[in-house]
Amino acid sequence: MADISLKFPDGSERPYPAGITGKALAESISKSLSKKAVALVLDGELVDLADPIDRDAGVKIVTRGDDEALELIRHDCAHVLAEAVQELFPGTQVTIGPVIQDGFFYDFARDEPFHLDDLEKIEAKMHEIIKRNAPFTKEVWTREKAIEHFKATGEDYKVELIDAIPVGEDLKMYRQGDWMDLCRGPHMTSTGQIGTAFKLMKLAGAYWRGDSNNAMLQRIYGTAWASDKDLKAHLHQIEEAEKRDHRKLGREMSLFHFQEEGPGVVFWHPKGWELFQTLTNYMRRRQNAAGYKEVNAPQILDKSLWETSGHWEWYQENMFATTTEDDRQFAIKPMNCPGHVQIFKHGLRSYRELPYRISEFGCVHRYEPSGALHGLMRVRGFTQDDAHVFCTDEQLEEECMDIDELIRSVYRDFGFDEIVVKLSTRPEKRVGTDDQWDRAEAVMLKVLKRIEAESGGKVKTGINPGEGAFYGPKFEYVLKDAIGREWQCGTNQVDFNLPERFDAFYIDAESDRQRPVMLHRAILGSMERFIGILIESYGGHFPLWLAPVQAVVATIVTEADDYGRKVEAELRAAGFRVETDFRNEKINYKVREHSLAKVPVILVAGRREAEEGTISVRRLGSQQQTVMTFAEAKAMLLAEAVPPDLKPE
RNA sequence: GCUGCCGUAGCUCAGGGGUAGAGCACUCCAUUGGUAAUGGAGAGGCCGAGAGUUCGAAUCUCUCCGGCAGCACCA
């Protein structure tokens with residue numbers, strides 16, 4: 001057999017007989033390597049160790065500790081999960097079991113639901129299967145044989161999967177002991193290589209093929225790692241994330257609450273509302289500076305308006321509607337755009353007024369599916385930092401670029417530097433002509449390229465086909481928070497439809513009527529959601545400018561209370577959000593309580609401070625405190641509390 | 001909306017066919033104590049709602065409401 005030349009990661013290149021397997025290759029290098037090897041990377045692609053290599057290629061032997069092996073561990077683990085379930089619960093059908101972030105899942109079809117305590121049994125069975133250490137072996141089957149096999153074993157879903165695989169493609173079956181599964185592969189060489197660092201996490205329902213018209217399957221989620229240490233670290237990380245949960249912190253910091261009578265609507269408490277207002281005021285300043293005029297449009301409008309806008313036809317199931325005694329139908333606004341069009345239309349607009357930018361902290365209500373509700377992140381009543389820009393076709397591109405700059409500059413102020421901009425194109429359910437969509441998407445594609453280019457590649461971009469709003473394509477701004485989670489917040493949508501539906505126009509330089517283009521844009525998106533993101537991202541430790549209570553003045557002895565009152569009054573007069581704690585409690589008690597409430601600064605005054613005009617400053621998260629004159633402390637705190645947009649450069 | 005689980009005091013949770021418990025928080029009393037819990041006493045619940053089974057239901061069954069996890073949907 002002819003020789004092939006294989007190139008190793010260290011750059012060295014050696015000849016081998018064609019058809020050599022990864023296993024034999026590893027053996028030829030060293031016995032210990034062949035023992036540790038679990039797979040091969042062939043020209044960047046992960047393949048089975050048993051696959052013959054028949055061409056010149058770059059190779060890398062993957063051992064269990066390599067990053068590439070993690071995917072295999074998880075994938076193999078999914079197979080073992082499926083085997084365990086079928087051993088324990090005969091008659092259960094297997095469907096798909098892919099690798100996901102941090103682990104894997106497998107979807108099963110079974111009439112009886114699994115219970116939480118089944119997970120323990122399944123996990124024990126998995127350990128047993130792994131201990132058997134059966135080799136994974138691959139077989140290539142014909143379509144007919146595979147279909148026949150799965151029909152015979154009652155695996156209807158597998159048959160359906162095979163039907164969806166293009167004719168001519170090989171069907172690979174992986175066997176582990178007595179069990180086998182249709183699978184693209186690759187796998188490690190035996191189940192024993194999975195190790196013990198895995199855990200079944202949760203049970204959930206999931207639609208077959210992700211389509212809610214299909215049957216619901218039972219999904220078992222698991223996490224798997226290369227070592228027990230990694231598994232432990234992952235479980236610890238989950239615990240840490242739970243501590244940041246905005247629903248928990250919102251309660252502990254008395255920011256807001258929910259209750260049964262108002263599913264999906266927020267009761268904002270004084271401190272939460274303070275935060276809300278601080279954020280709103282910041283956005284108001286940013287928008288005013290960017291040339292927006294703030295407006296306010298009605299909450300409830302006649303059905304006819306929503307028919308004209310298309311909402312009644314396309315969005316009705318998400319709308320709260322009401323019929324009055326005189327039989328008029330009204331809807332509570334789910335969006336602000338129709339209202340803003342009315343403001344634009346009121347009176348003749350000149351081309352000189354364009355771009356006409358109006359903003360509104362618009363409170364909207366949407367009937368969201370009950371299962372979607374999630375704390376502040378997904379609610380039925382929320383406030384958008386919404387705005388609409390009416391402009392000419394020629395102005396469109398620059399307006400989009402300005403909006404892009406505004407959005408990213410706002411995100412920077414909160415420390416969100418990693419941004420992805422996605423273009424969502426025309427959905428199936430939509431209004432307007434194809435020509436309008438063509439025009440809108442063409443401009444947006446151009447803008448998307450400019451955003452990426454002008455950010456020097458810092459902003460990543462992408463396309464979401466078919467995800468646009470019913471009235472136009474949209475840019476979606478996805479930010480990454482302090483703990484690496486991604487959130488879609490900002491949006492910018494190009495709309496040629498609504499102006500036409502409402503017959504909005506302006507008068508151009510030749511005194512002719514012209515149709516404006518309309519941009520819908522939001523930056524934080526939903527104020528509620530953004531606050532939820534901030535709570536979790538900061539873990540409740542707000543920067544001073546955002547903190548609802550910026551400092552608490554706590555006295556040690558009653559004689560210091562008068563001084564404490566003076567400290568409070570002076571800070572309050574300077575616009576600082578400060579509270580006092582003169583309770584008959586020990587200072588330890590007070591420090592503990594305000595630290596748990598995540599107040600950024602505790603100002604402690606005892607007899608000494610009162611006499612000397614000083615104050616003891618203790619920062620949240622620090623075990624120490626600094627004594628300084630009150631004047632110094634005040635200057636320091638006031639300087640730190642200046643919002644980012646008002647900071648002198 | 002779908003699947004599964006859950007709903008006991010403001011919060012965190014125990015109990016589980018014979019009419020209710022803990023810790024923290026709260027109120028009162030004593031204590032004026034230097035940076036993460038001073039001691040004592042007290043008050044607090046139609047055990048999510050409705051119906052059923054039962055001599056008797058917070059406990060079992062059903063329906064509804066709400067929550068949680070995931071799916072679907074989405075700012």
Side-chain angles (χ1 to χ4, degrees), chain A residues 105 107 112-118 201-221 245 247-248 251-252 254 257-264 315 317-318 334-335 362 364 366-380 382-386 424 467 469 474 476-478 487-491 493 520 522-530 532-533 554-561 582-597 602-609 616-627:
Chain A
F105 66 76
D107 284 348
E112 282 279 291
F114 291 117
H115 291 284
L116 229 41
D117 29 322
D118 291 333
M201 302 296 282
K202 53 198 170 198
L203 282 170
Y207 296 109
W208 168 236
R209 304 210 142 169
D211 185 337
S212 57
N213 296 314
N214 289 342
M216 182 154 274
L217 306 169
Q218 299 188 61
R219 177 171 296 179
I220 298 178
Y221 282 94
D245 191 310
R247 294 165 298 185
K248 182 176 147 74
R251 195 167 45 234
E252 288 172 0
S254 358
H257 86 267
F258 291 91
Q259 66 186 49
E260 283 203 16
E261 294 83 349
Y315 206 72
E317 58 187 27
N318 286 291
M335 295 186 196
V364 296
R366 300 180 184 175
Y367 186 78
E368 299 289 345
S370 58
L373 303 180
H374 180 90
L376 294 177
M377 303 305 196
R378 192 76 183 272
V379 288
R380 286 187 176 152
F382 59 103
T383 308
Q384 293 179 308
D385 58 333
D386 202 6
S424 292
E467 307 257 301
K474 55 185 181 182
E476 294 185 337
Y477 284 76
V478 179
W487 298 98
Q488 200 240 294
C489 294
T491 175
Q493 313 174 357
H520 309 239
I523 297 177
L524 306 181
S526 143
M527 303 298 287
E528 284 77 0
R529 168 185 281 189
F530 200 78
I533 294 168
T555 50
I556 297 169
V557 289
T558 313
E559 292 113 277
D561 288 0
F582 297 157
R583 289 176 304 171
N584 177 11
E585 293 293 348
K586 291 191 171 177
I587 194 62
N588 290 294
Y589 183 90
K590 296 185 183 183
V591 164
R592 176 182 154 82
E593 197 159 281
H594 301 302
S595 298
L596 288 173
I602 303 175
L603 300 171
V604 176
R607 222 172 259 126
R608 229 166 26 234
E609 287 79 3
S616 167
V617 181
R618 182 182 167 121
R619 314 290 302 226
L620 181 59
S622 163
Q623 308 287 22
Q624 272 113 50
Q625 52 279 339
T626 319
V627 178

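FYI, side chains are in, hydrogens and waters are out, and symmetry mates aren't considered; it's all heavy atoms of this structure. Numbers restart at 1 for each chain; the letters A, B, ... are given by sequence-line order, proteins then strands. Predicted model, so just to flag it, every value in this text is computed and none were measured.
Judged by distance alone, with hydrogens and angles left aside, A:R247 brings no side-chain donor or acceptor close enough to the base of B:C68 to form a pair under 3.5 Å. Under 3.5 Å, the side chain of A:R219 and the base of B:C71 form no donor-acceptor pair of N or O atoms. Checked by distance alone, A:Y207 brings a side-chain donor or acceptor within 3.5 Å of a matching partner on the base of B:G1.
The interatomic distance linking A:F114 (CZ) with B:U3 (P) rounds to 17 Å, in whole Å. The separation between A:L373 atom CG and B:C68 atom P is 8 Å, rounded to whole Å. To the nearest angstrom, P of B:A75 lies 16 Å from CD1 of A:I523. Atom CZ in A:R583 sits about 12 Å away from atom P in B:C28, given to the nearest Å. Rounded to whole angstrom, the span from the CZ atom of A:F258 across to the C1' atom of B:G10 amounts to 18 Å.
OP1 or OP2 of B:C73 has not a single side-chain nitrogen or oxygen of A:Y367 nearer than 4.0 Å. Note on A:H374: every side-chain N or O is 4.0 Å or more away from OP1 and OP2 of B:G70.
Among residue pairs with one or both ends in residues 202-213 of chain A, none qualify as salt bridge (charged side-chain N to carboxylate O under 4.0 Å, His left out); sequence neighbours excluded.
Across all strands shown, B:U63 forms a Watson-Crick or G-U wobble pair with B:A49, both key distances being under 3.5 Å.
Side-chain atoms of A:P369 lie closest to B:C73 of the nucleotides B:C73, B:U32, B:C65.
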Distances for protein N or O near nucleotides 34-38 of chain B N or O, under 3.5 Å:
residue, atom, partner, partner atom, Å
B:G34, O6, A:R607, N, 3.4
B:G34, O6, A:R608, N, 3.0
B:G34, N1, A:E609, OE1, 2.8
B:G34, N1, A:E609, OE2, 3.2
B:G34, N2, A:E609, OE1, 3.4
B:G34, N2, A:E609, OE2, 2.5
B:U35, O3', A:R618, NH1, 3.3
B:U35, O2', A:R618, NH1, 2.2
B:U35, O2', A:Q625, OE1, 3.0
B:U35, N3, A:S616, OG, 3.3
B:U35, O4, A:S616, OG, 2.3
B:A36, OP2, A:R618, NH1, 3.4
B:A36, O4', A:R592, N, 3.3
B:A36, N7, A:R618, NH2, 3.1
B:A37, N7, A:R592, NE, 3.3
B:A37, N7, A:R592, NH1, 3.3
B:A37, N7, A:R592, NH2, 3.3
B:A37, N6, A:R592, NH2, 2.5
B:A37, N1, A:R592, NH2, 3.3

Output a table of nitrogen or oxygen pairs between the protein and nucleotides 41-45 of chain B separated by less than 3.5 Å.
none

